[in-house]
Every structure is written in structure tokens, then in C-alpha cells.
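Just below is one structure, and these are the notes that go with it.
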Number of protein chains: 2
Amino acid sequence: MKPATETVPLRDDAQDDRSQLIREALYNAIVERRLAPGTKLIETEVGELFDVSRTVVRAALQMLAFEGLVKIERNRGAFIAYPSPDEARQIFESRRVIEPEIAMRATERMAMADIDMFRSHLREEERLLAERGPNARRAAIKASGDFHLMLAAVAGNQILERFMRELIARSSLVIALYGQSGASSCARSEHADILGALIARDGKKAASTILHHIDHIEEDLDYRAAGNAPLRQALRL
Amino acid sequence: MKPATETVPLRDDAQDDRSQLIREALYNAIVERRLAPGTKLIETEVGELFDVSRTVVRAALQMLAFEGLVKIERNRGAFIAYPSPDEARQIFESRRVIEPEIAMRATERMAMADIDMFRSHLREEERLLAERGPNARRAAIKASGDFHLMLAAVAGNQILERFMRELIARSSLVIALYGQSGASSCARSEHADILGALIARDGKKAASTILHHIDHIEEDLDYRAAGNAPLRQALRL
DNA sequence: CTCGGTGAAATTGTATGCAATTTATATTTC
DNA sequence: GAAATATAAATTGCATACAATTTCACCGAG
């Protein structure tokens with residue numbers, strides 16, 4: 001049970017350590033699909049888990065709520081977000097807007113060290129994909145998302161990087177809800193194709209490749225399959 | 001002293017009324033340049049102003065910090081953000097990524113009612129621009145930003161809309177810091193040009209027009225003019 | 001057995017208290 | 001008078017207390 005991928009830090013400017021720490025833990029749990037959409041997050045429970053008071057848990061939950069990963073319902077508490085099909089479409093539309101541009105900029109700014117990083121990351125992705133077991137599966141999902149985040153990091157715009165972080169996490173929730181074959185996380189070797197375009201310094205190609213990649217991910221979704229929606233979410237109450 | 005423009009609601013899903021209310025009030029104050037970059041926001045002071053405890057003020061400040069409008073320094077408090085030139089560049093780069101796409105989508109989705117809305121908004125903008133006095137000036141600045149937000153609203157993607165809200169507010173801070181002629185807020189009649197492209201259902205044209213518009217806004221900035229930086233920010237401590 | 005209601009337990013929203021830290025003021029020293 | 005230091009005030013970070021609300025379990029009526 002190794003950490004699989006070097007965790008990309010959530011934010012460089014760590015303001016308040018502890019709530020930030022909780023936020024990152026919950027963020028990772030969401031991306032790795034340990035926390036299913038709709039799951040209730042009880043403040044005292046989380047607090048005991050991290051040995052802090054509700055105050056700091058609250059701060060973490062509010063941050064997550066702000067980026068759409070958690071839904072806070074007044075007097076009812078915080079729940080892992082349960083994206084509707086419409087939200088899901090908006091998430092992928094947003095990605096189609098941002099990611100090609102990120103790919104272009106990453107192509108320009110990429111250094112040699114970045115290439116190595118991408119290459120070793122891709123190897124890791126393939127290794128995890130080959131492995132069996134739920135843990136490897138989770139790690140693979142996370143690694144798949146991390147690839148996109150690494151791209152954003154190389155692009156060198158911290159604002160877009162933060163937007164992407166939100167979109168990746170929300171995508172993870174969407175795939176958990178509406179994903180079909182699970183192939184959505186793999187998407188064959190498209191990441192390698194993207195890296196190829198990057199190395200060739202072909203920004204246009206990188207942009208179009210990643211655009212198709214996003215299309216493929218979304219094509220694997222079935223928005224009708226609202227699955228076992230907690231009903232309250234299904235009726236949008 | 002009329003409200004000038006119908007205030008675009010900050011968020012549809014009002015979670016906790018009171019901190020949300022404070023957030024919106026501070027947001028508006030930032031966009032209208034009533035609150036200068038670097039201004040300290042003392043929790044008890046804000047609390048007394050809104051007649052709430054520090055707890056709920058804190059929540060509001062943390063939200064604003066999360067979207068980059070406020071900087072919270074541990075044990076020192078919350079300050080209106082003081083964007084560095086580098087941050088400023090990233091803000092405008094992000095806008096160049098998102099806004100043309102928003103314009104394209106708005107072109108497709110725009111209805112008759114929207115056209116009327118835009119037209120009356122433009123009239124209002126020009127009226128405010130013609131008026132004298134600091135209040136009219138503030139209202140004009142706000143209205144100028146609202147135009148972009150209306151565009152985002154028409155585009156029909158709430159996620160991108162939220163991103164834009166953040167970027168508009170942060171742009172306002174940047175312009176307050178590095179703006180030269182003040183013409184940055186006006187940018188002549190470029191909003192009208194954008195609307196023209198929209199009405200003509202020419203998405204490409206709308207996209208390129210808004211792109212140039214953003215360029216013009218940024219051209220009017222002078223990043224050297226770090227102005228009277230609070231020194232602590234100037235030295236980035 | 002299901003439906004509706006009642007009370008207890010759990011949970012959240014907010015205010016407040018206290019320690020830790022920072023900021024401002026006063027005082028000393030040179 | 002300026003710099004350095006000590007002291008007091010202001011402010012934040014966090015935990016906790018308490019009221020308001022929701023959730024749950026139980027029970028009785030139909």
C-alpha cells in the first residue's frame with residue numbers, strides 16, 4: 001500500500017495548517033473514491049478523527065463546499081456532493097474550455113525536467129492499471145487525475161491550476177456516479193499521446209488531443225444511470 | 001444615489017444566509033473599489049457592523065480568502081488582497097482563456113430577453129460614464145464588470161460563471177493598483193461591439209472582440225507602478 | 001403491518017471565553 | 001531626540017457552551 005503518486009500539494013500558501021490538512025485529506029478521499037457522493041460528513045466525527053474541534057473541521061468543510069465538492073445544507077450538515085447530470089455536463093464543458101489552453105501553455109513552458117516527470121508518471125499510471133485490487137484501482141484513478149494537474153502546474157498559472165483541481169475532483173464524483181466501464185479512468189494511452197504532442201512542442205496537437213481525451217471520458221458516462229441516488233438528491237430537495 | 005445596476009446575485013444556492021450576506025457586501029465593496037487593496041478587515045469590527053459574532057464573519061472572510069480576494073495571514077488577520085504583478089498577469093491570462101469561450105456560448109444561447117437586458121445595461125453604463133463624481137465612477141466600474149458577468153450568466157455554465165465572478169473581482173483589485181488612465185474601466189464602446197457580435201450571432205467575432213477588449217484593459221496597466229505598496233506586500237513577507 | 005405522532009438523542013449554528021500572538025504605547029537608555 | 005526595551009491593549013485561533021433544528025427510535029391507533 002504505497003502512496004502510488006507523489007501527492008501534488010493542494011495549495012502553496014498554506015494559511016491555516018490544520019483545516020487545510022483536513023481539506024486535503026477529504027479532497028484526496030474524494031478523488032480516490034473512498035468517499036462516495038452523498039456521504040454525510042459529521043463535524044464531530046471528522047473532528048475526533050483529526051483531533052481538532054468542530055471549528056476547524058467547519059472551516060475545511062466550508063472550503064470544500066465553496067469549490068463544489070461538498071454540499072452544506074442548512075441545519076442538516078455537509079454531504080459529499082452529488083452532481084446532477086446537468087452539473088456534470090457543465091463540469092466537462094468547463095474542462096473543455098480550460099484544458100486545451102492549459103495544454104498549449106504547458107507546451108510552451110515545459111522544461112526537460114518536466115518531461116522526465118511526465119514519463120515516470122506515465123509509467124506509474126500503466127503499472128497501476130495493470131495491477132489488481134481495489135487499492136490499485138483507487139491509486140490509478142488518482143494518478144489519472146494527477147496527470148491533468150501536472151499539466152496545469154507546468155502551464156504555470158496558479159489560478160487555472162486551482163480551477164483545474166476543483167474540476168478534476170468534481171469529475172471524479174461524476175465518474176463515480178455515472179461511469180460505466182471504468183475505462184473512463186484509464187482512457188487507454190491517451191495521456192501518452194498528449195505527452196507526445198508536448199514533447200514535439202506541438203501546442204495545437206496537444207490541445208486537440210486533450211480535447212478528444214475529455215470527450216472520450218465523457219462518452220463513457222451514462223447520465224440516465226442516476227444509480228442509487230439518495231432520493232433527496234434525486235429529487236433535488 | 002440609486003443602485004445603478006441590478007445586482008447579480010452572488011450565488012443561487014444560498015447556504016448560510018448571514019456569512020453569505022457579509023461575503024456579498026464585501027465582494028461588492030471590493031468591486032466598487034470602496035475597499036482598497038491591503039485594507040485590514042478586523043473581525044470584531046465587521047461583526048459589529050453586521051451585528052453578528054466573529055464566527056460568521058470568519059466564515060465570510062475564509063470564503064473570500066479562498067477565491068483570492070482576501071489574504072489571511074496567520075495570527076495577523078485578513079486583508080484585502082494585494083495582487084502582485086505576476087498574479088495580475090495570471091488573472092488576465094485566465095480571463096483570456098475563459099471569456100472568449102463564454103462569448104461563443106453566450107452567442108449560441110442568447111434569447112431575445114437577453115438582448116434587451118444587454119441593451120439597457122449598456123445604456124446604463126454610458127449614462128454612468130457621462131456622470132461626474134466618485135459615486136458615479138464606482139457605479140461605472142461595477143457596471144463594467146457586471147457586463148462580463150451577464151455574459152457569463154447567459155452562457156449558461158454556473159461553474160464558469162463562478163470562476164468569472166472571482167476573476168472580475170480580482171481584476172478590479174488589479175486595476176485599482178496598476179490602472180493608469182482610469183480608461184481601463186471604460187474601454188470606450190467595446191462592450192457595444194461585443195453585443196453587436198452577439199446579436200449578429202457571430203460567435204467567432206464575439207470571441208475575438210472580447211479577447212481584444214481584455215487586451216486593451218491590460219494594456220492600460222502599469223505593473224511597475226506598484227504605487228504605495230504597504231511595504232509588507234511589496235517585500236512579499 | 002403501516003401510518004402518524006411523541007420524546008430523546010444527535011447534530012448543527014452561533015456566541016463566547018481563553019490562551020497565544022501581534023500591535024501599539026510607554027519607558028528607559030544612550 | 002533616537003533606538004531599544006518593557007508593558008499594555010488589541011486581535012486572532014481555537015475550543016467549548018448552549019439554543020435551535022433535525023433525526024431517530026419508540027409506541028399506539030387504525
Side-chain angles (χ1 to χ4, degrees), chain A residues 10-11 13-26 35-36 38-66 69-82 229-237, chain B residues 10-11 13-26 35-36 38-66 69-82 229-237:
Chain A
L10 257 191
R11 239 175 174 291
D13 78 75
Q15 39 156 326
D16 43 309
D17 302 282
R18 298 204 283 171
S19 57
Q20 205 64 25
L21 208 75
I22 293 173
R23 183 170 96 86
E24 288 183 29
L26 291 175
L35 281 171
T39 306
K40 174 155 197 197
L41 300 169
I42 294 167
E43 295 176 356
T44 54
E45 243 174 62
V46 180
E48 281 169 24
L49 221 53
F50 288 89
D51 201 52
V52 293
S53 79
R54 291 202 298 126
T55 307
V56 8
V57 175
R58 218 132 208 293
L61 293 178
Q62 282 163 346
M63 283 192 267
L64 290 163
F66 197 77
L69 298 180
V70 155
K71 176 117 186 277
I72 294 179
E73 294 176 44
R74 177 156 248 267
N75 285 323
R76 292 205 58 240
F79 305 82
I80 302 294
Y82 201 101
L231 194 53
R232 183 184 278 267
Q233 269 85 358
L235 299 174
R236 214 149 311 291
L237 283 179
Chain B
L10 254 193
R11 240 180 174 285
D13 78 76
Q15 37 160 326
D16 42 309
D17 303 280
R18 299 205 281 172
S19 57
Q20 205 63 29
L21 208 75
I22 293 173
R23 184 170 95 85
E24 289 183 29
L26 291 175
L35 281 171
T39 306
K40 175 156 196 196
L41 300 169
I42 293 167
E43 296 177 356
T44 54
E45 242 173 66
V46 180
E48 280 168 24
L49 221 54
F50 288 89
D51 200 51
V52 293
S53 78
R54 291 201 298 128
T55 307
V56 8
V57 175
R58 220 138 206 288
L61 292 178
Q62 281 164 344
M63 284 191 268
L64 289 164
F66 197 77
L69 299 181
V70 156
K71 177 116 186 279
I72 294 179
E73 293 175 45
R74 179 156 248 269
N75 284 326
R76 293 206 55 241
F79 305 82
I80 302 294
Y82 201 100
L231 194 54
R232 183 185 280 266
Q233 268 87 0
L235 299 174
R236 214 152 307 293
L237 285 181

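Here is how names work: the chains are called A, B, and so on, in the same order as the sequence lines, proteins then strands, and each is numbered from 1.
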**Request:** Just jot down the salt bridge (charged side-chain N to carboxylate O under 4.0 Å, His left out) partners of B/Arg54, sequence neighbours excluded, or say none.
**Result:**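 Expected list: B/Glu43.
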
What's the [atom1]-[atom2] distance between [X] and [N], to the nearest Å?
| X | N | atom1 | atom2 | answer |
| --- | --- | --- | --- | --- |
| B/Glu48 | C/dA15 | CD | P | 13 Å |
| B/Lys40 | D/dT12 | NZ | C1' | 8 Å |
| B/Glu73 | D/dT11 | CD | C1' | 14 Å |
| B/Glu43 | C/dT21 | CD | C1' | 13 Å |
| B/Gln62 | D/dT12 | CD | P | 12 Å |
| A/Arg76 | C/dA10 | CZ | P | 18 Å |
| B/Leu41 | D/dT12 | CG | P | 9 Å |
| B/Asn75 | D/dT11 | CG | P | 14 Å |

**Prompt:** In chain order, what residues pass the side-chain contact (heavy atoms from CB on, under 4.5 Å) check against A/Ser19, with sequence neighbours excluded?
**Reply:** A/Asp16, A/Val56, A/Ala59, A/Ala60, A/Met63

**By side-chain contact (heavy atoms from CB on, under 4.5 Å) - contacts of A/Ile42 (at least two apart)** = A/Lys40, A/Thr44, A/Glu45

**Message:** What's the separation between atom CG in B/Leu69 and atom CG in B/Leu35, rounded to the nearest 0.5 Å?
**Reply:** 11.0 Å

**Request:** Mind listing the closest non-hydrogen atom pair of B/Leu61 and B/Val70 along with its distance?
**Result:**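 Minimum heavy-atom separation between B/Leu61 and B/Val70: O-CG1, 4.2 Å.
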
**Asked** Nearest heavy-atom pair of B/Gly38 and B/Phe79: which atoms, and what distance?
**Response** O-CD2, 3.5 Å

I'd like a list of close polar pairs between nucleotides 14-18 of chain D and the protein, N/O only, cut-off under 3.5 Å.
| residue | atom | partner | partner atom | Å |
| --- | --- | --- | --- | --- |
| D/dC14 | OP1 | B/Arg74 | NH2 | 2.7 |
| D/dC14 | O3' | A/Arg18 | NH2 | 3.0 |
| D/dA15 | OP1 | A/Arg18 | NH2 | 3.4 |
| D/dA15 | OP2 | A/Ser53 | N | 3.0 |
| D/dA15 | OP2 | A/Ser53 | OG | 2.5 |
| D/dA15 | N7 | A/Thr55 | OG1 | 2.7 |
| D/dA17 | N6 | A/Arg54 | NH2 | 3.3 |

